[in-house]
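For reference, the structure discussed in these notes is given below.
Along the sequence shown, the residues carry numbers beginning at 1.
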Amino acid sequence: MPRWITAPAALLTVAAGLGVRALWDGPVAKYAGDALYTVLLYLLIVFIVPRVRPWVAALVSAGLSWAIEFTQLAGIPAVLRPVLGSTFNPPDLFWYAVGAALAGALHFLARRPT
């Protein structure tokens, strides 16, 4: 995927995350934010490695999200908590997988010849 598509998609993902938080609260905003966090990681991976296969980017982005979540069990330094979170929450693991799967599916469909 070309970088000229990936960069704006990352900005739109951040805007969507902020918009969800502004419009809703509670579980909808939290879990949508989790999925969008992984989508952002996915897009950063694709930006760095444009020729990455969708399933690889999905696994790496989900794996990074899971690693960050499990790191919260040991404690995240206070300065990093706004970005990496502070409290382990098992349902987040599911929503990270959802975000990675959706990003991977859209990437796969975008790569298919028309």
Side-chain angles (χ1 to χ4, degrees):
M1 182 180 302
R3 289 187 172 124
W4 64 269
I5 293 174
T6 309
L11 292 174
L12 285 173
T13 301
V14 170
L18 294 172
V20 166
R21 292 284 184 165
L23 296 174
W24 294 284
D25 58 355
V28 169
K30 185 195 179 336
Y31 296 128
D34 289 342
L36 289 168
Y37 185 87
T38 302
V39 170
L40 180 60
L41 288 176
Y42 185 101
L43 291 166
L44 291 174
I45 291 163
V46 173
F47 185 81
I48 294 167
V49 186
R51 295 184 184 269
V52 67
R53 293 180 184 259
W55 68 270
V56 172
L59 287 177
V60 172
S61 63
L64 287 171
S65 297
W66 280 40
I68 291 166
E69 189 70 24
F70 281 110
T71 302
Q72 293 170 356
L73 289 170
I76 301 280
V79 69
L80 296 176
R81 288 181 188 155
V83 176
L84 302 179
S86 61
T87 307
F88 179 78
N89 185 27
D92 290 353
L93 300 172
F94 171 77
W95 292 104
Y96 296 144
V98 168
L102 289 174
L106 289 173
H107 186 186
F108 175 76
L109 291 173
R111 288 175 37 139
R112 290 181 47 205
T114 55

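- Around the CZ atom of Phe88, the shell of radius 6.0 Å holds more than 12 heavy atoms that belong to other residues, nucleotides or ligands.
- Counting non-hydrogen atoms of other residues, nucleotides and ligands closer than 6.0 Å to CZ of Arg81 gives a total above 12.
- Atom CG of residue Leu43 and atom NE2 of residue His107 lie 9.5 Å apart, to the nearest 0.5 angstrom.
- Criterion: ILVMFWY side-chain heavy atoms under 4.5 Å apart, direct or through other members. Under it, Trp95 and Leu102 are part of a common hydrophobic cluster.
- Among all heavy-atom pairs drawn from Ala78 and Pro82, the shortest one is O-CD, 3.6 Å.
- Side-chain heavy atoms closer than 4.5 Å link hydrophobic residues (I, L, V, M, F, W, Y) into clusters, and following such links, even through other members, never connects Leu36 to Leu41.
- Atoms CD1 and CG, on Ile45 and Leu40 in that order, are 10.0 Å from each other to the nearest 0.5 Å.
- Between Val39 and Ala103, the shortest heavy-atom distance links the atoms CG2-CB, 4.2 Å.
- Atom CG of Leu18 is separated from atom CG of Leu23 by 11.0 Å, given to the nearest 0.5 angstrom.
- Between the CG atom in Leu64 and the OH atom in Tyr42 there is a gap of 13.5 Å [rounded to 0.5 Å].
- Taking hydrophobic clusters as Ile, Leu, Val, Met, Phe, Trp and Tyr residues chained together by side-chain heavy-atom distances below 4.5 Å, Leu106 does not share a cluster with Trp4.
- Both Leu59 and Ile68 are assigned to one and the same hydrophobic cluster, defined by single-linkage of ILVMFWY side chains at heavy-atom distances under 4.5 Å.
- We find the OG-CG distance between Ser86 and Leu80 to be 11.5 Å, quoted to the nearest 0.5 Å.
- Interatomic distance, Thr38 OG1 to Trp66 CH2, rounded to the nearest 0.5 Å: 10.5 Å.
- Of all heavy-atom pairs spanning Gly104 and Pro54, the tightest one is O-CB, 3.6 Å.
- Here the closest non-hydrogen pair linking Ile48 and Arg3 is O-NH2, 3.4 Å.
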Donor-acceptor contacts, no H, no angles, side chain residues 26-34, under 3.5 Å, sequence neighbours left out:
| from | atom 1 | to | atom 2 | distance (Å) |
| --- | --- | --- | --- | --- |
| Lys30 | NZ | Asp34 | OD2 | 3.4 |
| Lys30 | NZ | Asp92 | OD1 | 2.7 |
| Lys30 | NZ | Asp92 | OD2 | 3.1 |
| Tyr31 | OH | Asn89 | ND2 | 3.4 |

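- Note on Val60 and Trp55: same hydrophobic cluster, where clusters join Ile, Leu, Val, Met, Phe, Trp and Tyr whose side-chain heavy atoms are under 4.5 Å apart, directly or indirectly.
- Heavy-atom minimum distance, Arg53 versus Arg111: CA-NH1, 4.0 Å.
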